[in-house]
Amino acid sequence: MHELEPDPNHQPSPDAHRTLGDTLRWAFELDSSPAIAGATWLTREIVPNARDPFDAILDAATTLKQLEELKTAYKMLRTTGTTMPERNLAARLYAATIAAALVRHNTLITRQSDAALTRAFDELYADETIPERIRTLATLAADAPARRPSANGGNSPRA
Amino acid sequence: MSSPSRDSSATQTNWDLIRDAASGSASARGSLDAVTKRAWPAVYAYIRASGRQREEAAELTQGFMADVFLSRQLVGKADQSRGRFRTLLINSVRNYLADMHRRQTAGFRKPTGVLSALDQLRERGDEPVDTSEASPERAFNARYVAVLIRATSERLHAELASAGDLASWEIFQARILRAAFEGNAPSYDEIGPRVGLDKGTCAARLLVAKRRFATILMEELRATIENPADLQAEITELRALLSNG
């Protein structure tokens with residue numbers, strides 16, 4: 001038996017009824033919400049107090065490290081999302097985290113080509129399902145000095 | 001988990017297993033073991049929380065399994081009601097205890113031979129339950145759900161192992177199962193280096209595992225109901241029972 005296998009004969013903690021109830025709740029509700037539910041859950045794993053992904057990306061308190069972690073999470077959600085709307089949203093959020101790192105931290109956190117990045121920012125800006133402040137971030141990032149580190153002294157691209 | 005093998009009985013509904021267990025067919029013994037394994041912890045928890053001492057609760061649980069499962073009583077009721085396994089089980093235990101109370105001077109019949117597997121199960125279920133905290137119904141439901149989650153977890157583990165993705169299993173186990181059953185969960189900063197993944201990837205892998213867990217859990221729940229239309233009612237009731245006792 002594996003060390004952490006849930007043993008039904010294990011003596012439950014005093015809060016076991018509640019925690020088991022919680023387990024059932026997320027199991028049954030995770031996929032009953034709109035596309036943003038999965039992204040929101042992912043976001044809160046990394047930025048615990050965030051209201052939603054947009055809130056986390058726009059919040060000045062979100063650190064560069066957290067933006068990198070969010071970027072990685074959304075990148076994976078682009079392919080593992082269960083619906084097309086969720087995968088599309090993940091792609092926009094992925095671009096938005098890169099934009100936020102450029103604008104707020106003057107750091108390029110991707111090794112994507114300049115052309116690919118321009119396209120991602122353009123698509124983010126053009127997507128009217130995304131909040132205005134995030135789309136504005138895309139336009140600011142498009143002109144961010146850190147996109148041309150050798151010429152403007154921005155920080156090096158991250159993996 | 002000892003191995004990531006798939007329990008073949010998981011593809012059968014609990015009703016199928018009960019009927020087969022009482023049928024005398026070649027597969028009856030396997031079906032009996034499977035359904036007993038699922039029912040034992042919840043039945044024991046109910047009886048123990050009703051005020052019986054450990055030894056007596058174990059005896060009564062064993063008696064219930066022998067008298068109710070093997071005597072075809074449950075099969076007959078299942079055919080009549082075609083309802084939810086959990087509801088039938090808890091009502092059957094309640095009635096059994098009332099009946100045993102009336103016959104308490106007659107002693108309990110301990111089955112031999114055909115139910116030898118129960119002796120092993122009894123060992124696993126024979127542990128103290130805090131009867132001051134839980135009503136019998138609440139103890140039953142908490143244990144019933146624990147068994148459900150265990151079965152679901154075993155299947156998830158098997159799937160991830162066969163896909164060569166034990167990292168996702170380790171993340172799920174640490175962040176979800178430990179939190180649910182032990183009340184604490186290690187951080188991604190602790191888990192990440194162990195599985196060789198960064199925090200963002202860990203979280204994304206966990207989301208995938210959670211979703212698969214939810215899908216399997218629904219399949220396991222469907223196996224406990226006869227009529228698919230009862231599924232939502234069963235989910236709602238289970239959640240309410242666990243929230244409110």
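Every chain is numbered from 1, with letters handed out A, B, ... down the list of sequences.
Atoms CZ and OG1, from B:R205 and A:T80 in turn, are 10.0 Å apart once rounded to the nearest 0.5 Å. Note that CE of A:M76 is 8.5 Å distant from CG of B:L197, once rounded to the nearest 0.5 Å. Distance check: B:K199 NZ to A:I46 CD1 gives 6.5 Å after rounding to the nearest 0.5 Å. Taken from SG in B:C202 to CG in A:L42, the straight-line distance is 11.5 Å, to the nearest 0.5 Å.
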Note to self: Between A:E45 and B:R175, does the salt bridge (charged side-chain N to carboxylate O under 4.0 Å, His left out) criterion hold? Intermediate values first, please.
What the structure shows: CA-CA 10 Å; A:E45 289 291 284; B:R175 294 285 296 174; 3.2 Å; yes
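Heavy atoms of other residues, nucleotides or ligands lying less than 6.0 angstrom from CZ of B:R194 number more than 12. Counted within 6.0 Å of CZ on A:F54, heavy atoms from surrounding residues, nucleotides or ligands total more than 12; the atom is thus considered enclosed.
Side-chain contact check for A:E69 versus B:Y188: every heavy-atom pair is 4.5 Å or farther apart.
In this structure, no portion of A:L70 lies under 4.5 Å from any heavy atom of chain B.
The shortest heavy-atom contact between B:A204 and A:A73 is CB-O, 3.9 Å.
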